[in-house]
2 protein chains.
Amino acid sequence: MTPSQNLLAELAKPTQAFSKAEQKVASAILANPELTTRSSIARLAQSAKVSEPTVNRFCKRLGATGFPDFKLKLALSLASGARFINSAVAEDDTAPTFTPKIFNASIHALEITRDSVDPKLIHHVIDEVVASKRIYFFGQGNSGPVALDAEFKFFRFNTPVSAHQDPLMQRMLAAASKPGDLFVIISYTGRTIELVETARLARDSLATVISITAPASPLARASDLAITLDVGEDTDEYLPMTSRLAQLTLLDVIATGVTLRQGQAHLPHLARIKKSLTSTRFDNSEQDA
Amino acid sequence: MTPSQNLLAELAKPTQAFSKAEQKVASAILANPELTTRSSIARLAQSAKVSEPTVNRFCKRLGATGFPDFKLKLALSLASGARFINSAVAEDDTAPTFTPKIFNASIHALEITRDSVDPKLIHHVIDEVVASKRIYFFGQGNSGPVALDAEFKFFRFNTPVSAHQDPLMQRMLAAASKPGDLFVIISYTGRTIELVETARLARDSLATVISITAPASPLARASDLAITLDVGEDTDEYLPMTSRLAQLTLLDVIATGVTLRQGQAHLPHLARIKKSLTSTRFDNSEQDA
DNA sequence: CTATAAATGTATTTTTATTACATTATCTTC
DNA sequence: GAAGATAATGTAATAAAAATACATTTATAG
């Protein structure tokens, strides 16, 4: 663990072996870390009621080369992690307070996912997508729109692709599948009975099944490859499903990987698609009152 | 625009009216911004081959109170924005390298949006949602799934809600609308002709139109309230539409705001919805081989 | 060209941070 | 529980860094 990344947490940690004077410094900083990053050593020493060298020693003990370096690291840890400490939405929140909280929660979910995804697995998934002759995206409920979004994204490739939310349709497609078909099943919980059965049907027909779902869930186990997300949510009544964003971004990653794999060969195809949209748009310059 | 948020971009901007000596300072900083945050003014002056006061003036011109403050702001913009400066996906990227790039681009889009959204506007939007008798979410293309996602989200409230992607259906609904109806139109470009016309039809019928779209776009002008997003993308062939994530999160924010506004009154309603889903799921403990 | 203004640099002062060393408190051992 | 040792803290001096005032140069307009 790098001490620079979480200086604030380090300061607040009760297990820290600070001496009396150092304790004072720590609380003075925690009282207003934001201000501290713009203070002089003299000001901080005064507000902590200790001498300046004590502050300096305190900084060095925490891994900084001196006070300025400490301020820098404090500012950085303030910028990254700190905001999340109390980001639960409360009942008395108003627009200015809950708006950043929700954005931060979403950002946090993406950071977690970014740091936990296994690139090797992504690589394998891309292999499967490239090798497939047909792709189906399945999702129900909240994951339905995600599947639909994936359809738009993967439409750029020459492989036929479709998204389905209807359970019966999903079931029929899975039962009628054949080798070379790829099913990408998206489910936050991985416990939707119909989707798990659909996965089994597809695999019985020797199609490939990839899921984006919860770790160690029935769906993950029923798939050939499972990208598992553990964003950990649904606990707070007010905080929304941040997992969709992680799922969407993951699909972006896969689509990008496929694009890169296919190389320049398909760029004309993309250009044609883009061109087909221009007539539906207002010109960038033109006007309407 | 806050100069603190994007110091690096500010430095690199070619339109900046820097004098000769200041130009030197800018390039010296850009050559190694990371090092600059830990340099003294003397060191930077030397490496830029200018005098120390020139550096100091340079800092003040860019909105800092002095050199230390400038370093702080530089460090902050380095912590947030910097990762993205060269995060364009390159043709020789592989899964381990492009995966974090794409996540970072998404995170960046959310950060930008978080910092640019006007909470007052959000407040007004929530007012409209709460006041409405019926809500329609419209989107086409990539924004279609966003509209659909919103439908799921807003379904929790007692107000009837539906999402539509079909242009004809959208048009008919708008034409047949009446006061109390709320149309939320999602469009990244704000230039889709059909959606703009739909917005006008709805307003002609005295319904309310809120759009989530590009600033100063025809759609924004045709709406009662417009939440504008300027994520700035679509330039890189490989990087995906990060704006959808911003749109989705924005809708999360609005939904949360409505939930908070309605208070405890509707919690039983939510509980009933949650309960209705349990029978479709595998039990958390139970198993299947 | 000259007058003027803008830009840059030099030298100085002020502020800030660090170091060396003295003092005080705390702990250990008999 | 007192003497010696050790750690913690503070005082005062020094060094480093930054900002200022002012001089010089360079560009610009008439």
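Reminder, nothing fancy here: chain letters follow the sequence lines and each chain counts from 1. It should be emphasised that the depicted structure is a prediction, and the values quoted were computed from it without experimental measurement.
Between the CG atom of A:D69 and the C1' atom of D:dA16 there is a distance of 16 Å, given to the nearest Å.
Within the 4.0 Å cut-off from OP1 or OP2 of D:dT20, at least one side-chain nitrogen or oxygen of B:K60 is found.
Both B:G66 and B:R57 lie near DNA chain D, and the one whose nearest nucleotide falls closer to the 5' end is B:G66.
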Under 3.5 Å, side-chain donor or acceptor atoms of residues 48-57 of chain A against the rest of the protein: list the pairs with distances, not counting sequence neighbours.
{"unit_1": "A:S51", "atom_1": "OG", "unit_2": "A:T54", "atom_2": "OG1", "d": "3.0"}

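Looking at residues two or more places apart in sequence or on another chain, you find a side-chain contact (heavy atoms from CB on, under 4.5 Å) between B:T94 and B:P96, B:T97. Evaluation of the side chain to side chain donor-acceptor pair (under 3.5 Å) rule for B:D127 yields B:R261 as partners, not counting sequence neighbours. Take B:S223 and apply the side chain to side chain donor-acceptor pair (under 3.5 Å) test, not counting sequence neighbours, and it matches B:S211. Residues satisfying the side chain to side chain donor-acceptor pair (under 3.5 Å) criterion with B:N142, sequence neighbours excluded, are absent altogether. Taking the side-chain contact (heavy atoms from CB on, under 4.5 Å) definition, one finds that B:S143 meets it with B:I186, B:Q247, sequence neighbours left out. Remark: A:T249 pairs with no residue by the side chain to side chain donor-acceptor pair (under 3.5 Å) rule, at least two apart or across chains.
Applying the side-chain hydrogen bond (donor to acceptor under 3.5 Å, both in side chains) test to residues at least two apart or on different chains, the pairs with a partner in residues 26-43 of chain B are B:E34-B:R38.
Checking A:R156 against A:T259 by side-chain atom types alone, a donor-acceptor pair falls below 3.5 Å.
Taking every heavy atom of residues 36-45 of chain B and every atom of DNA chain C, no pair lies under 4.0 Å. Scanning residues 48-56 of chain A for heavy-atom distances under 4.0 Å to DNA chain D yields A:V50, A:S51, A:P53, A:T54.
Counting non-hydrogen atoms under 4.0 angstrom, A:K71 reaches the backbone sugars and phosphates but no base.
The environment of CD in A:Q46 is sparse: at most 12 heavy-atom neighbours from other residues, nucleotides or ligands sit within 6.0 Å.
Taking 4.0 Å as the cutoff to heavy atoms of chain A, we find the contact window on DNA chain C bounded by C:dT16 to C:dT26.
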